[in-house]
Amino acid sequence: MERFEITFRNPVVRVWFYTVFPTILASILLLLIFPIEYQYIVLNIEAFIIIAFWVWNFIYKKKQQ
């Protein structure tokens with residue numbers, strides 16, 4: 001199994017901290033602010049960004065091999 005380095009020299013960690021981490025924090029804040037009938041918008045945006053990150057990660061790993 002390949003070692004995973006959790007430093008900012010690792011591009012996967014950098015992209016995760018620049019995209020997914022702020023998205024999760026903003027989603028939590030927006031879910032507390034928005035009424036229930038609009039929360040699906042926040043959840044859809046969050047899901048799209050997380051899926052885009054994993055697709056990018058998959059493509060990045062394929063290019064590395």
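Because the structure is a prediction, the values reported are computed rather than measured.
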| message | Give me the atom names and distance for the closest heavy-atom approach of Thr19 to Val15. | response | OG1-O, 2.6 Å

| field | Closest non-hydrogen atom pair between Phe21 and Phe17, with its separation | value | CB-O, 3.9 Å

| said: Please determine whether side-chain contact (heavy atoms from CB on, under 4.5 Å) holds for the pair Val12 and Phe53, giving the CA-CA distance in whole Å, both sets of side-chain angles, and the decisive distance to 0.1 Å. | reply: CA-CA 9 Å; Val12 176; Phe53 168 75; 4.0 Å; yes

Given the rule that I, L, V, M, F, W and Y join up when any side-chain heavy atoms are under 4.5 Å apart, are [X] and [Y] in one cluster?
{"X": "Phe58", "Y": "Val20", "answer": "no"}
{"X": "Ile59", "Y": "Val13", "answer": "no"}
{"X": "Ile24", "Y": "Leu30", "answer": "no"}

[X], [atom1]: over 12 other non-hydrogen atoms inside 6.0 angstrom:
{"X": "Ile36", "atom1": "CD1", "result": "no"}
{"X": "Phe8", "atom1": "CZ", "result": "yes"}
{"X": "Ile6", "atom1": "CD1", "result": "no"}

| said: Going by side-chain hydrogen bond (donor to acceptor under 3.5 Å, both in side chains), name the pairs with one or both residues in residues 51-61, residues two or more places apart or in two chains. | reply: Tyr60-Gln64

| remark: Between Ile45 and the options Val42, Ile41, Leu43, the side chain to side chain contact (heavy atoms under 4.5 Å, CB included) test singles out Ile41

| said: How long is the straight-line distance from CZ of Phe48 back to OG1 of Thr23, given to the nearest 0.5 Å? | reply: 11.0 Å

| field | Atom pair CG (Leu31) and CD (Glu46), whose distance is rounded to the nearest 0.5 Å | value | 7.0 Å

| said: Per the salt bridge (charged side-chain N to carboxylate O under 4.0 Å, His left out) rule, what does the pair list look like for residues 11-36, sequence neighbours excluded? | reply: none

